[in-house]
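Predicted model only: the values in this text are computed from it and were never measured.
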Amino acid sequence: MTVIRLLAASVSTFALAATAQAQSADAPTNNTTQTAPADSGEGDIIVTGIRESIQASITAKRQSSVISDVLTAEDIGKFPDKNVAEALQRIPGVVVNRVFGEGERVSLRGTAPNLTKTLVNGHSIATADWFILDQVASTRSFNYLTLPAEIVGQLEVYKSPQADVEEGGVGGTINVHTRNPLDLKALTVSASVQGVYSDLSGKLDPQVSGLFSWKNADETFGILIGGIYQKRQTRRDGIEVFGYAPFAAGGGQTALFPTLIGSALFKQDRERYGGNIGIQFRPSDALEINVTGLYSRFNANNLNLNYLAWPERALGSGGTVTNPTIVNGVAVAGTVTSSNNAASGARAVVYDAIDRQAYAETYSADLDVNYKPTDDLTVHFKAGWTKATGATSNENFLETAGTGSFSYDLRGKAPQVKFTSPNPTSPANMLIDFSRIQSVTNKDEEKYAYLDLDQKVDWGPMNALKFGVKYTNHDRTALRLATNGGVLTPGLICSGAPCTAASFASGQNTPDDFLNGLDTTGTLNSYWTVDPTKLGQIYGSQAAALTAKFVVPGNTYAINEKTYGGYGLAKFGGEGWRANIGLRVVRTDQTSTGSLIGGANPQFTNPFGGYTPITSKRTYTDVLPSANLSVDLSPKIVLRFAAGKTVTRPDFVDITPGVDLNGTLLTGAGGDPNLKPYRANQYDVSLEWYPDAETIVALAVFYKDIQSYIVNRSSTEILPGQFVPGTQPASCVPAGGGNPNLFNCPFSINRRSNGEGGRNQGFEFQISRPIWGGFGAIANYTYSDAKASNGDPIPGNSKHSFNLTGYYENELVTARLSYNYRSAFFIDIDRSAPLNQAALSSLDASLGINVTKNITLTADAVNLTNKRIVQYSGTPDRVRAIYDNGRQFYFGARFKF
């Protein structure tokens, strides 16, 4: 009712505004197509490069029927940043995270990434992830690493809803426009060749892209083909603390001790290749047919090594702590010594080595038809198919551990750990605790069809009516297979004898510069390394009975969503104003299939315990009104109002009945098929000043009344866990049933549930302006205050974020220096505890030198100041991780003919 009342108020508002504008002497005669006058003293000069893209973006923003921001490519194959997500963060209200050195997902106006809807040419595109934890998480947020920046012509960020725009973005909607051949010159050929140097890995790799576009002389038929190949070898150094748990600290005190403290080395070979095609047929002004296709593959093989001190296991299995230092209830320093009884599960150190073969792959094919049977009626039909696969096709996991003693200190620049025993640079005294081979496959697929009718009318202030219907059929499936670690681990044979930790050693320690810049005296920055080739060879040589894989029921599921929807939209306009009011109605039929874990009488049993398949069905309908009004207060000033209701469906993993378990930490996460979507009422106001074609000064205020957040509810559940006998936690007891490797354990489980509502409110300020002599600046600031009704933090919300870009451009040189900042934010509940990230900033640069009108030498730099990522749990004194991704440098040439 609140939105309905606001829509009624909006009608009155724009009627009054129209009356006021009719009395204004300087009202424009047709602001629907009007662009800002170029009265900056430069006359009708034609701008190119950075200034041309800025002008195009400003023009598109001014002409938009919703509150939005736009980013336009500077040239074919030339976007402001090396990555689409990185480019989007230059827009007010948009922020990214660089956990692995590049922005992969975006957050809008203080909401989490899964509340941002991404469209390609007006429709959803399937999404997939390369990292195994993201594959298991199975969110709806789009991973922009799978979308090559070279294919993009323009990005639109819709910040207010409109009835004819696909639902799904409580935070907002991003529409990615690819290029069309009839919009380009008759014959266009472009190419880019670059080398990229990553300073941590010390590797130089190639990056190549190209585009060919042709159209006939009558401009009735055109074809565009593009392709890319990119490679980059990366490295990330990190110090990680996996959480905190209470233990006796002596003197009658109990304190929170770090559970695990590790020095993590992550290496990855990134390879992206793909292409796109566009075929455009426009035989007359009445008919246009577009056929587009996209393919992208992102190979992401990675090796993760982590040598960890294990206070939780040491103290939980008879160990002791001496000289603890307690600050705010946290044992920030001390010396921990485990029991020497390894057979009973006592441990002080654990070393994880994980070698993964991973990729993400995306396909998309669309047919788009526009037909005008009369001058006043437009019929639009769109149908297509999109599919994505994110998979870890093989993961070889080795965990070695041992008893010992260590001192630690969480104070200072970074967590410090010093081992008395064992020696971290030697595999001696390390036992093979666990081994596993597994695979995870996550598939996302959608088939869809749209039909829209747009009829011009002349009914007073109403000038058009638009109606549309849609159908989508979406499938998300996940399959996880793993070996029986309880059988594989004790059965490992190397050269006819039981394997030892030394069997897997590479003979080398971590790189000499490992953790440079992160470590302080006492930080563990050198330890023996596992050879991934040996790991694969040894696992591959084992008996088939040891390496047989079984379904992991908690991570195997299928979700089907069928949506049936329609909308009606009325468009209004007059001298100095325009508006639209619409209603979108969507029904969702959801089918969730998964497994209940454990229970008294499970239907199936495998090495991971008993499970019973279950299917849950539900249907729900969303009614989504919206209204947008734009009023020209003068020929250069636009005032906008918007209101509407938005919805985002729950993440796929959140509506499965299964549960994902972590046996090392005895934590897990589970879903609920009956979760309700995120729903919100939102209200927006924007005041925009366009003094000339290349300048904008704008202030936007937003308020989102979110009716229900989806939150984690933690509880302890007794569930089956798999361990080699003697290595299980003390709290686990044998499950019986003839499987000696299966134990019933108390897991701390995060179950997704509908929580309290809340609100996101704030404002955005932006200014873009040429300054003098080829110099110019772009600046924006966003304030976002997001709170749940019960006081819980909101994932993804940075209260402050700003961007500052300075540029210089003339006929010879194009240069840009960009600074980006976002304040601290809450990520999510992780391992039953809050995970937060400290403020993040980055300084990036690009340079182009025009050798000729067809050849440009290029150079780009990412993260010039080498800023690190710092994460903590609740408060900054509970460190969770510090990551160093290093800098990236690109250099090469771009060609255009």
Considering only residues two or more places apart or on different chains, which pairs with a residue in residues 532-554 satisfy salt bridge (charged side-chain N to carboxylate O under 4.0 Å, His left out)?
none
Sequence neighbours left out, what passes side chain to side chain donor-acceptor pair (under 3.5 Å) with Glu445? Give chain and number order.
Trp385
For Thr489, side chain to side chain contact (heavy atoms under 4.5 Å, CB included) partners two or more places apart
Ile432, Phe434, Ser435, Val724
Would you call the rings of Tyr295 and Tyr273 parallel, tilted or perpendicular if under 30° counts as parallel and over 60° as perpendicular?
tilted
With side-chain hydrogen bond (donor to acceptor under 3.5 Å, both in side chains) as the rule and sequence neighbours excluded, what pairs involving residues 733-748 come up?
Ser748-Ser832
Across all chains, not counting sequence neighbours, the side chain to side chain donor-acceptor pair (under 3.5 Å) partners of Asp433 are Arg347
Suppose the criterion is salt bridge (charged side-chain N to carboxylate O under 4.0 Å, His left out): which pairs have a residue in residues 487-513, not counting sequence neighbours?
Arg235-Asp513
Sequence-distant partners of Glu102, salt bridge (Lys or Arg N to Asp or Glu O under 4.0 Å), two or more places apart
Arg232, Arg270
With sequence neighbours excluded, give me every salt bridge (charged side-chain N to carboxylate O under 4.0 Å, His left out) pair touching residues 723-750.
none
For Tyr144, check side chain to side chain donor-acceptor pair (under 3.5 Å) against everything at least two apart and list the hits.
Thr118
Which of parallel (below 30°), tilted (30 to 60°) and perpendicular (above 60°) describes Phe743 and Phe723?
perpendicular
Run the side chain to side chain donor-acceptor pair (under 3.5 Å) test against Asn423 and tell me which residues pass, sequence neighbours left out.
Thr425
Only counting residues at least two apart or in another chain, list the ones meeting salt bridge (Lys or Arg N to Asp or Glu O under 4.0 Å) with Glu717.
Arg751
Could you list the donor-acceptor pairs under 3.5 angstrom formed between side-chain atoms of residues 300-314 and any protein atom two or more places apart in sequence or on another chain?
| unit_1 | atom_1 | unit_2 | atom_2 | d |
| --- | --- | --- | --- | --- |
| Asn301 | OD1 | Ala358 | N | 3.0 |
| Asn301 | ND2 | Gln357 | OE1 | 3.0 |
| Asn302 | OD1 | Arg356 | NH1 | 3.3 |
| Asn302 | ND2 | Ala300 | O | 2.9 |
| Asn306 | OD1 | Ser263 | N | 3.3 |
| Asn306 | ND2 | Glu240 | OE1 | 2.8 |
| Arg313 | NH1 | Gly345 | O | 3.0 |
| Arg313 | NH1 | Thr727 | O | 3.2 |
| Arg313 | NH2 | Thr727 | O | 3.3 |

Among side-chain atoms of Asn394 and Asn396, is any donor-acceptor pair under 3.5 angstrom?
yes
Measure centre to centre between the rings of Phe266 and Phe100, then say whether the value is under 6.0 Å.
yes
